[in-house]
Amino acid sequence: MDKEFFLANYRHSMAHVLAKAVIELWGSDVQYAIGPQVDDGFYYDFKLDHMITKDDYKAIENKMREILKRKEAWTRKEVSRAEALDLFKGQKYKIEIIEDLPEDATLSIYYTGDDFVDLCRGPHIDNSQELLGVAFQIKFVSGSYWRGDEHNDQLQRVYVYAFPDKQQLKDHLDMIREAMERDHKKLGAEMELFMFHETAPGMPYWLPKGWKLFNALLDYWRNEHVPHNYQEISGPVLSEKQLWITSGHWAHYQNGMFIAPIDENTTYAIKPMNCPNAINVYRSTKRSYKELPLRYSQVDVIHRREKSGELNGLFRVQEFHQDDAHIFVTEDQIEDEIADIMDIAKTIYATFGLTYTAELSTRPDDFMGDIALWDQAEASLKSILTKKFGADGFEINEGDGAFYGPKIDLGMRDCLGRQWQMGTIQLDFQLPLNFNLKYVAPDGTEKQPVLIHRAIFGSFERFIGILIENFKGQFPFWLAPVQVGIVPIRPEHNAYAKKLADLMMKNHIRFEVDYSDQNMKNKIKKYKLGRIPYVLVVGEKEAEQNTVAVNIRGVKDNLFGVPVEAFMQGVAEMNEAHSLELKTAF
RNA sequence: GCUGCUAUGGCGCAGUCGGUAGCGCGCAUCCUUGGUAAGGAUGAGGUCACCGGUUCAAAUCCGGUUAGCAGCUCCA
C-alpha cells in the first residue's frame, strides 16, 4: 500500500470515527454533514445544539479511542438511492447529498460496527483495530457553512490532526509552533516595520524601517519594468460618483467602496481600483494602433471595504498599494502580451526564491460580451500556461472568471500553509465598451482595444507579508530595512564610525550607527535582534588600518581586518545583483 | 457578515474566592570604558480597550460596542 493512499484512507476512516463519537456523546439528533481528509488530518462538519468547546476535546478524543478499542468491523454495502434515503431518514445533509444524485444511482455506504453508518465512496479500512496506532489530536472547532455557502446553515467543524505515529504528530506540532514564530504580524511588530491603529482598521501605518523596505521593493519593481516599456502614472484617489457609474463599480462594487458625500448634489468615492484612472489617461487623446500595446503602471493607494472578520495583518487589508498596470492591446496582441507579463512574473518571483502556482479562471454564466472573443482569449491563456508550466502544471477553475473576462491568478502560501492570491492577469472586454475606448486601425477605421489588468506582487502589502514569513525577517541584503549596523567599541572610536557612516550615506547603503556609551555587547545584541545583515565592529585596530570587523547574520565566525573598500564593493555588488545570499567573504 | 476565542504600562505576561494592580524585557539617571547576542544600582511609567449593569465594593461577574486572533464566506 503506498504511503499517500494509506494517509488518505486512515484519515478518512478516522473522520467516521469522529462522527460516531460525536453522536455517541451528544445523541442521535446530531446532524452529520461531511468529513474529508486535509493536509494534516481531517475534519467533520456537524449541526448540534451543544456548542463544542475546548472543554469537550478530551471527552471526544477519549470516546474516539474507546470506539477504536472495540475493534469493530467496517462493512461496505451498496444500496439504491431509495434505500439510502430511507436509511438516512432525519439526516438532512445526507438526504440533500443523496437527492442530488441521479435516480438510478447506486451508492456505497460504510458501517462501523452495527450502529453507525455513513455515506461514502470509500475506500476504508476493514476493522477499527487498524487505526489503533494513529496519533490524533483535536486541532480546534470553528464555524463553517453547509456546502461553503454563507446563506446556508452554519455548522460546527471539528478539525483533527492525524498522523501515522506519535513522532510524526509531534514533529508537525513543532513545525506549527515554529511557523507561528515567523508570522508576519509578530515579526512586523518586533522589527518595527508596520503597525495598525484602532481608528483605521486594516489600514497599515508603515514605520520608518518598513517604509524603507517598501521603497527598496518599489525601486526594484520599477527597474524591472523599464525594459518592458511600461510608463508609470498616478491618478486621483477620490473621484465623483459619475465615474464609478460609468465604470460599473457603482452597480457591482458599491459595498466594497468607501463613499464620501460632500453635499446634496455631490458624492465622491475613494477608488477601490485604478482602472478608471488609466482609462481616462488613455481617452485623453486620440489613439493610434501604432501606440499599442500601451502600458500604464500605477502604484497609487486604493481602498476596499472588507467584512469585519476578513482582515488579517498585511494579507488582508482595507488600504493597499497594488503593483498595478493597465495595458491596452489589440485582440491579436493578447497572447504575446500575456507571455511578456508571465516572463516579468517569473523573473521577479525568482529574485525572491518564491514558488507559486498558476490558475486559469474561465467564462462564468453571467459573462458579458462576445462569446467568440471569450473562446479565443481563453485559448490564448491556456496555450501560454501550457507553454510555461506544462499541460498539468496549472489548475483550471471553470466558470470562475470575472464577468468582464477570463483571468490567470498566481498564488503563494504563508507560514501556516494558507494559500493567498498574489499576481493576477485579467482580460477585460467590458470597460473598453463602457468607456467607449477606440484606437485608429491601419485602415483608418476605429476599433476597440482590449484592456489587460495585471499585478505581479498583487499588492505590496500582501507581498511584503509573504516576504517577511518566507525570510523569517532575515531579508536579503538589498531588501533589508537596515543593511549595516556600525558599533564603535568605545566613544573614542565614534569619529572613525562617523567616517564609515558618511561613506555608507554616499553609497546609498541603509545603515545605523550606535554612538551611545553603552557596552558594545549590548549594541551588537540590539542589531543582531534586528536581523541586520552585517554588523561592523570598529575599534583602534580598524581605525588605524582603515578596516572593519564584520559580524555576518547567521554566521558564527566573524571576519577581521576587512578593508573598507573591499566591504563597500561587496555590498554594492549584492545590491546590484539583488542577491538572495549574504556574502561571507570580502 | 457568521462560529469560537482574546483585550492588564512600549512589548511579553501574572493577577486565586470581587476588597481599586505585579513580574521580565524595554525606557530614564548614575556607576562600569568594554573586542562580538543580556555588567550593576536607582527610578519613572497603568482610569486594567470603551460604554452600561449587578454589588457596600468590579481588572475580576453580566450585557453591549470597538479592535484583534483562528476557521468559514469573500478577496490583491
Side-chain angles (χ1 to χ4, degrees), chain A residues 43 45 47 51-54 139-159 180 183 185-186 189-190 192 195-202 253 255-256 272-274 302 304-324 402 407 409-412 416 418-424 426 453-463 465-466 485 487-493 517-530 535-542 549-553 555-560:
Chain A
Y43 67 79
D45 285 347
K47 182 145 178 87
M51 193 58 72
I52 300 174
T53 66
K54 274 197 179 84
K139 189 177 178 183
F140 51 71
V141 179
S142 80
S144 68
Y145 297 103
W146 168 235
R147 296 200 153 161
D149 187 333
E150 61 179 324
H151 305 292
N152 289 341
D153 289 353
Q154 178 132 32
L155 310 173
Q156 299 190 59
R157 176 170 296 177
V158 182
Y159 279 96
M180 305 290 263
D183 187 303
K185 297 181 282 291
K186 183 180 154 80
E190 204 175 300
E192 299 175 313
M195 56 170 249
F196 290 92
H197 192 266
E198 208 181 337
T199 52
Y253 202 77
N255 51 13
M273 296 170 197
N274 292 309
I302 57 179
R304 295 182 189 174
R305 294 180 60 182
E306 299 290 353
K307 297 185 212 160
S308 63
E310 289 169 346
L311 301 179
N312 186 322
L314 291 180
F315 287 151
R316 192 67 179 276
V317 288
Q318 297 200 109
E319 183 212 53
F320 58 108
H321 303 74
Q322 282 185 320
D323 63 317
D324 213 355
K407 60 174 182 170
D409 288 323
L410 305 173
M412 292 180 189
L416 289 177
R418 292 175 294 205
Q419 178 88 18
W420 294 94
Q421 186 182 320
M422 308 302 291
T424 185
Q426 307 187 358
H453 311 252
R454 52 117 275 184
I456 309 291
F457 295 151
S459 76
F460 279 79
E461 282 77 4
R462 183 174 285 180
F463 194 73
I466 289 283
V487 175
I489 291 173
R490 285 192 302 279
E492 56 258 41
H493 307 127
D517 62 352
Q518 283 228 43
N519 191 313
M520 63 170 278
K521 287 195 182 193
N522 286 318
K523 300 188 198 177
I524 292 166
K525 181 192 143 204
K526 187 181 75 185
Y527 288 150
K528 299 298 276 182
L529 286 175
V535 180
L536 305 183
V537 178
V538 295
E540 268 143 53
K541 267 186 235 161
E542 287 76 16
V550 188
N551 182 316
I552 307 164
R553 187 184 64 204
V555 175
K556 206 171 155 234
D557 296 325
N558 304 306
L559 299 178
F560 293 97

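In what follows, every heavy atom counts, from backbone to side chain, and hydrogens, waters and symmetry copies are set aside. Each chain gets a letter, A, B and so on, in the order its sequence line appears, and its residues count up from 1.
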Provide the distance between the two [atom1] atoms, one in [N] and one in [M], to the nearest whole Å.
N     : M     : atom1 : value
B:A59 : B:G53 : P     : 15 Å
B:G34 : B:G40 : C1'   : 14 Å
B:A57 : B:G1  : C1'   : 40 Å
B:G45 : B:C23 : C1'   : 15 Å
B:G15 : B:U42 : P     : 27 Å
B:A44 : B:C5  : C1'   : 35 Å
B:C13 : B:U8  : C1'   : 9 Å
B:U47 : B:G64 : P     : 27 Å

[X] versus [Y]: any side-chain heavy-atom pair under 4.5 Å?
X      : Y      : answer
A:L155 : A:D153 : yes
A:M180 : A:K186 : no
A:R418 : A:N312 : yes
A:K307 : A:E150 : yes
A:I302 : A:Q322 : yes
A:L311 : A:P201 : yes

Can you name the closest pair of heavy atoms from [X] and [Y] and give their distance?
X      : Y      : result
A:Q421 : A:K407 : OE1-NZ, 4.5 Å
A:F560 : A:A549 : CD2-CB, 3.8 Å
A:Q156 : A:I52  : OE1-N, 2.9 Å

Could you tell me the separation between the [atom1] atom of [X] and the [atom2] atom of [N], rounded to a whole number of Å?
X      : N     : atom1 : atom2 : answer
A:L311 : B:U66 : CG    : P     : 13 Å
A:M180 : B:G12 : CE    : P     : 14 Å
A:Q518 : B:C25 : CD    : P     : 14 Å
A:K47  : B:U3  : NZ    : C1'   : 11 Å
A:E192 : B:G10 : CD    : P     : 14 Å
A:E540 : B:U33 : CD    : C1'   : 11 Å
A:D183 : B:A70 : CG    : C1'   : 11 Å
A:K139 : B:C5  : NZ    : C1'   : 16 Å

For [N], give the paired nucleotide (Watson-Crick: N1-N3 plus N6-O4 or O6-N4; G-U: N1-O2 and O6-N3; both under 3.5 Å), or none.
N     : value
B:A57 : none
B:G18 : none
B:G24 : B:C11
B:U29 : B:A41
B:C50 : B:G64
B:G71 : B:C2
B:G35 : none

Position toward the 5' end of RNA chain B (nearest nucleotide), A:I52 or A:W420: A:I52
Most 5' of A:H493 and A:M273 on RNA chain B, judged by nearest nucleotide: A:H493
Going by the rule salt bridge (charged side-chain N to carboxylate O under 4.0 Å, His left out), which residues pair with [X] if we only count those two or more places apart in sequence or in a different chain?
X      : value
A:K523 : none
A:K185 : A:D183
A:D45  : A:R157

Which nucleotide in B:A67, B:A76, B:G35 has an atom nearest any side-chain atom of A:K541: B:G35
Under-4.0 Å side-chain N/O to phosphate OP1/OP2 contact, A:T424 with B:A76: no
Phosphate-side-chain proximity, A:Q421 and B:A76, N/O vs OP1/OP2 below 4.0 Å: yes
Base, sugar-phosphate or nothing for [X]? Non-hydrogen atoms, less than 4.0 Å.
X      : answer
A:G202 : sugar-phosphate
A:K185 : sugar-phosphate
A:E190 : nothing
A:G485 : nothing
A:E306 : base

Base versus backbone protein contacts along nucleotides 36-50 of chain B [heavy-atom cut-off under 4.0 Å; B, S, -]: BBBS-----------
Quiz item: A:R462 side-chain donor-acceptor pair to B:C75 base, under 3.5 Å: yes
What pairs of nitrogen or oxygen atoms, one from the protein and one from nucleotides 71-73 of chain B, lie under 3.5 Å apart?
{"unit_1": "B:G71", "atom_1": "OP1", "unit_2": "A:R418", "atom_2": "NH1", "d": "3.4"}
{"unit_1": "B:G71", "atom_1": "OP2", "unit_2": "A:R418", "atom_2": "NH1", "d": "2.7"}
{"unit_1": "B:G71", "atom_1": "O3'", "unit_2": "A:Y159", "atom_2": "OH", "d": "3.4"}
{"unit_1": "B:G71", "atom_1": "O2'", "unit_2": "A:S142", "atom_2": "OG", "d": "2.5"}
{"unit_1": "B:C72", "atom_1": "O4'", "unit_2": "A:G143", "atom_2": "O", "d": "3.2"}
{"unit_1": "B:C72", "atom_1": "O2'", "unit_2": "A:Y145", "atom_2": "N", "d": "3.1"}
{"unit_1": "B:U73", "atom_1": "O2'", "unit_2": "A:E150", "atom_2": "OE2", "d": "3.2"}
{"unit_1": "B:U73", "atom_1": "O2", "unit_2": "A:E310", "atom_2": "OE2", "d": "2.8"}
{"unit_1": "B:U73", "atom_1": "N3", "unit_2": "A:E310", "atom_2": "OE2", "d": "3.1"}

Partners meeting side chain to side chain contact (heavy atoms under 4.5 Å, CB included) with A:R147 (sequence neighbours left out): A:E96, A:I97, A:D100, A:N152
Face-to-face stacking of A:F320 with B:A76, centres under 5.5 angstrom, angle under 30°: yes
